[in-house]
Amino acid sequence: MRLTAAQARRVAVAAQGFHEPRPSGPVTRAHLKRLIARLQVLQLDSVSVAVRAHYAPVFSRLGPYDRDVLDRAAWSHSARSPRLLVEYWAHEAALMAVDDWPLLRWRMREYKNGRWGREIVKKNGKLAADIVEAVTALGPCTAGQIEAYLESEPRRTGGSVKKAMWDRSDTKWVAEALWSSGVLTTATRVGFARHYDVSERVLPADVVARRIDEADALRELTLRAATALGVATEADLRDYFRLGARQVRPAIADLLDAGEIERVEVDGWDAPAYLRAGQTVPRRDRGTALLCPFDPLIFFRPRVERLFGGFHYRIEIYVPQPKRRYGYYVWPFLLDGDLVGRVDLKADRTAGTLQVLGAYCEDGHDGPRVATELATALRQMADWLGLDDVVVAERGDLSAHLRAALVS
């Protein structure tokens, strides 16, 4: 089977949920559950210059919603409303379905000494045991609260009583390693600070007890990636859950044999691609939304360039300001299924404004039309964030058109 570049783009955009109508009423837990089943992950990031990353993909697909719906799904639990999401290294640090947590046990084994700082963790085996003891005693707690507990509680060693004094950075390293290995998980977040708890007290017993063969887990993760992407190269599939070539290639072979995916050629792509079985090829370009830098549609920058006619996108947070091309926290704008522009956004909560620090139109697109549609999306985003106005600065070739659209 062969796809044109336009067909591949439509498949990818549809697979991410942009072809579906937004809910006519309030976004509910059921809407969120269906979206997570499609996207698999919501990446977490500490930057809050506009809105934190995990909230944005839900807004981009479902429209304005009460963020408490996502907070409750991720960081609270009750008999009537069980926890829906859990944090782990799914793409990077991300929210994923609780039921999918066992699919990453192989990674938890790989990270038994943490993802980083492994030498620190290896040297602090006693500290790891003490942290688990502290969390068990305290319940959900931050690394700082763990440290305070360990410093104040006497430790019994060989019959004598000693006060334990721990290096704070070591405590954080080891707590994070315990989180990465699955011993601890995130019970809740307050002000985005992670509150650790032992996994058995946060997750359902059947989820904690479930064991999945590593090959089966890798095959399922590859299939989940293929479903979320619609059409994808091997490199695309690997990136979605940060898998290695040796992990993905056998999974692809198994999925091809099972008829879950099919091999296709895409015009202009220099590698074979795989189409999720049953995935229809839309006839029309649809999907209009602002995309945060960590949106799953644009996770993998080489794929973005392939799908969207050379759209070159890099996050410039760590680029010195004079060297930034577009800005600090730039949101691509998807219009009718294509990336047509980008805006550097900042929520000024004190002034009550959504600031557009720069606005740019991609070559070959109608600036006034892009600005008109973008103005609507920005007003909607400002309303969602509880901001009163959208203010556009001078920077960028789309800024004048955008200011005009906002006052019309």
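The chain is numbered in sequence order, starting from 1.
- Side chain of R379 to backbone of L406: a donor-acceptor contact under 3.5 angstrom is found.
- With hydrogens and angles left out, the side-chain atoms of E305 and H312 include a donor and acceptor closer than 3.5 Å.
- Here the side chains of S81 and S76 are not in contact, with every heavy-atom distance at 4.5 Å or above.
- Counted by atom type alone, Y55 and D71 present one or more donor-acceptor pairs between their side chains at under 3.5 Å.
- Distance check, rounded to the nearest 0.5 Å: CZ of R72 to CZ of R83 gives 13.5 Å.
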For residues 320-333, which side-chain N or O atoms pair as donor and acceptor with protein atoms under 3.5 Å away, sequence neighbours left out?
{"from": "R324", "atom 1": "NE", "to": "E316", "atom 2": "O", "distance (Å)": "3.1"}
{"from": "R324", "atom 1": "NE", "to": "V319", "atom 2": "O", "distance (Å)": "2.9"}
{"from": "R324", "atom 1": "NH2", "to": "V319", "atom 2": "O", "distance (Å)": "3.3"}

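- A donor-acceptor pair under 3.5 Å is formed between the side chain of H31 and the backbone N or O of T28.
- In this structure a side-chain-to-backbone donor-acceptor pair under 3.5 Å is present from Q7 to T4.
- In this structure, R201 and V198 have side chains that are in contact, with non-hydrogen atoms separated by less than 4.5 Å.
- Under 4.0 Å is where a charged nitrogen must lie from a carboxylate oxygen, and between R403 and E394 at least one such pair does.
- Rounding to the nearest 0.5 Å places CZ of R342 at 9.5 Å from OH of Y360.
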Quiz item: How far apart are the C-alpha atoms of L95 and L44, what are their side-chain angles, what is the distance that settles it, and do they pass the side-chain contact (heavy atoms from CB on, under 4.5 Å) test?
Solution: CA-CA 7 Å; L95 292 169; L44 294 160; 4.2 Å; yes

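- Rounded to the nearest 0.5 Å, atoms CG (L290) and CG (L334) are 9.5 Å apart.
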Atom pairs and distances, side-chain donor-acceptor, residues 255-262, under 3.5 Å, sequence neighbours left out:
{"from": "E260", "atom 1": "OE1", "to": "R276", "atom 2": "NH1", "distance (Å)": "3.2"}

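- One finds the CG atom of L178 at 13.5 Å from the NZ atom of K112 (value rounded to the nearest 0.5 Å).
- The existence of a salt bridge linking E176 and K172 is confirmed by a sub-4.0 Å separation between a basic side-chain nitrogen and an acidic carboxylate oxygen.
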Exercise. I would like to know whether E92 and R115 meet salt bridge (charged side-chain N to carboxylate O under 4.0 Å, His left out); could you show each step before the answer?
Key: CA-CA 11 Å; E92 289 297 317; R115 187 175 180 184; 3.0 Å; yes

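- Within the 3.5 Å criterion, the main-chain N or O of E234 finds no donor-acceptor partner in the side chain of R238.
- Although no hydrogens or angles enter the test, the distance criterion places no donor-acceptor pair under 3.5 Å between the side chain of R263 and the main chain of A273.
- The existence of a salt bridge linking D285 and R10 is confirmed by a sub-4.0 Å separation between a basic side-chain nitrogen and an acidic carboxylate oxygen.
- Side-chain contact between Q279 and T227 is absent, with no heavy atoms from C-beta onward closer than 4.5 Å.
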Practice problem: Step by step, work out the side-chain contact (heavy atoms from CB on, under 4.5 Å) result for R301 and R314. | Solution: CA-CA 7 Å; R301 310 313 192 201; R314 299 291 184 272; 3.2 Å; yes

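- Annotation for L39 and A228: closest pair O-CB, 4.1 Å, computed over non-hydrogen atoms.
- With contacts defined as side-chain heavy-atom distances shorter than 4.5 Å, the pair L297/F18 qualifies.
- Taking CG of D197 as the start and CZ of R194 as the end, the distance is 13.0 Å to the nearest 0.5 Å.
- Remark: side-chain polar atoms of S199 are paired, donor with acceptor, to backbone N or O of G182 under 3.5 angstrom.
- At distances below 3.5 Å, not a single donor-acceptor pair connects side-chain atoms of Y196 with backbone N or O atoms of A143.
- Counting heavy atoms from C-beta outward, L345 and L357 have side chains that stay 4.5 Å or more apart.
- Ring centroid separation for the pair W384 and F59 comes in under the 6.0 Å cut-off.
- Just one of R38, R34, R286 meets the salt bridge (charged side-chain N to carboxylate O under 4.0 Å, His left out) condition when paired with E20; it is R38.
- Judged by distance alone, the side chains of R61 and Q16 do bring a donor and an acceptor atom under 3.5 Å apart.
- In terms of modelled atom types and a separation under 3.5 Å, the side chain of D348 and the main chain of A351 share a donor-acceptor contact.
- Salt bridge K126/D130: present, at least one basic N to carboxylate O contact under 4.0 Å.
- Counting only heavy atoms from C-beta outward, the side chains of T353 and V390 never approach each other to under 4.5 Å.
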Exercise. Could you check L237 against I252 for side-chain contact (heavy atoms from CB on, under 4.5 Å), going step by step and ending with a plain yes or no?
Key: CA-CA 9 Å; L237 294 171; I252 289 175; 3.9 Å; yes

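- Counting non-hydrogen atoms of neighbouring residues, nucleotides and ligands closer than 6.0 angstrom, the CZ atom of R283 reaches no more than 12 such neighbours.
- Dense packing is recorded around CZ of R2, with more than 12 heavy atoms of other residues, nucleotides or ligands lying under 6.0 Å away.
- By the 6.0 Å contact criterion, CG on D68 is enclosed, its count of non-hydrogen atoms from other residues, nucleotides or ligands being greater than 12.
- Ring pair F299/H91: centre-to-centre distance below 6.0 Å.
- Salt-bridge annotation for D344 and R395: present, with a side-chain N of the basic residue lying under 4.0 Å from a carboxylate O of the acidic one.
- Because its NZ or CZ atom is not both nearer than 6.0 Å to the ring centre of W89 and within 45° of the ring axis, R107 does not count as a cation-pi partner of that residue.
- The environment of OH in Y318 is sparse: at most 12 heavy-atom neighbours from other residues, nucleotides or ligands sit within 6.0 Å.
- Using a 4.0 Å cut-off between a side-chain N of Lys or Arg and a carboxylate O of Asp or Glu, D100 and R224 qualify as a salt bridge.
- With hydrogens and angles left out, the side-chain atoms of R189 and H195 include no donor and acceptor closer than 3.5 Å.
- With respect to R219 and E214, no salt bridge is recorded, no charged nitrogen being found less than 4.0 Å from a carboxylate O.
- Side-chain contact check for K33 versus L84: some heavy-atom pair is nearer than 4.5 Å.
- In terms of the ring pair (Phe, Tyr, Trp, His ring centres under 6.0 Å) criterion, F311 has no residue partners (sequence neighbours excluded).
- Remark: M381 CE to T376 OG1 distance equals 14.5 Å, nearest 0.5 Å.
- Judged by distance alone, the side chain of R52 and the main-chain N or O of V49 form no donor-acceptor pair under 3.5 Å.
- Taking the side chain as every heavy atom from C-beta outward, C292 and V51 never approach each other to under 4.5 Å.
- Residues W75 and E87 bring a donor and an acceptor atom of their side chains to less than 3.5 Å of each other.
- A cation-pi arrangement is absent between R210 and W101 under the rule of less than 6.0 angstrom and at most 45 degrees off the ring axis.
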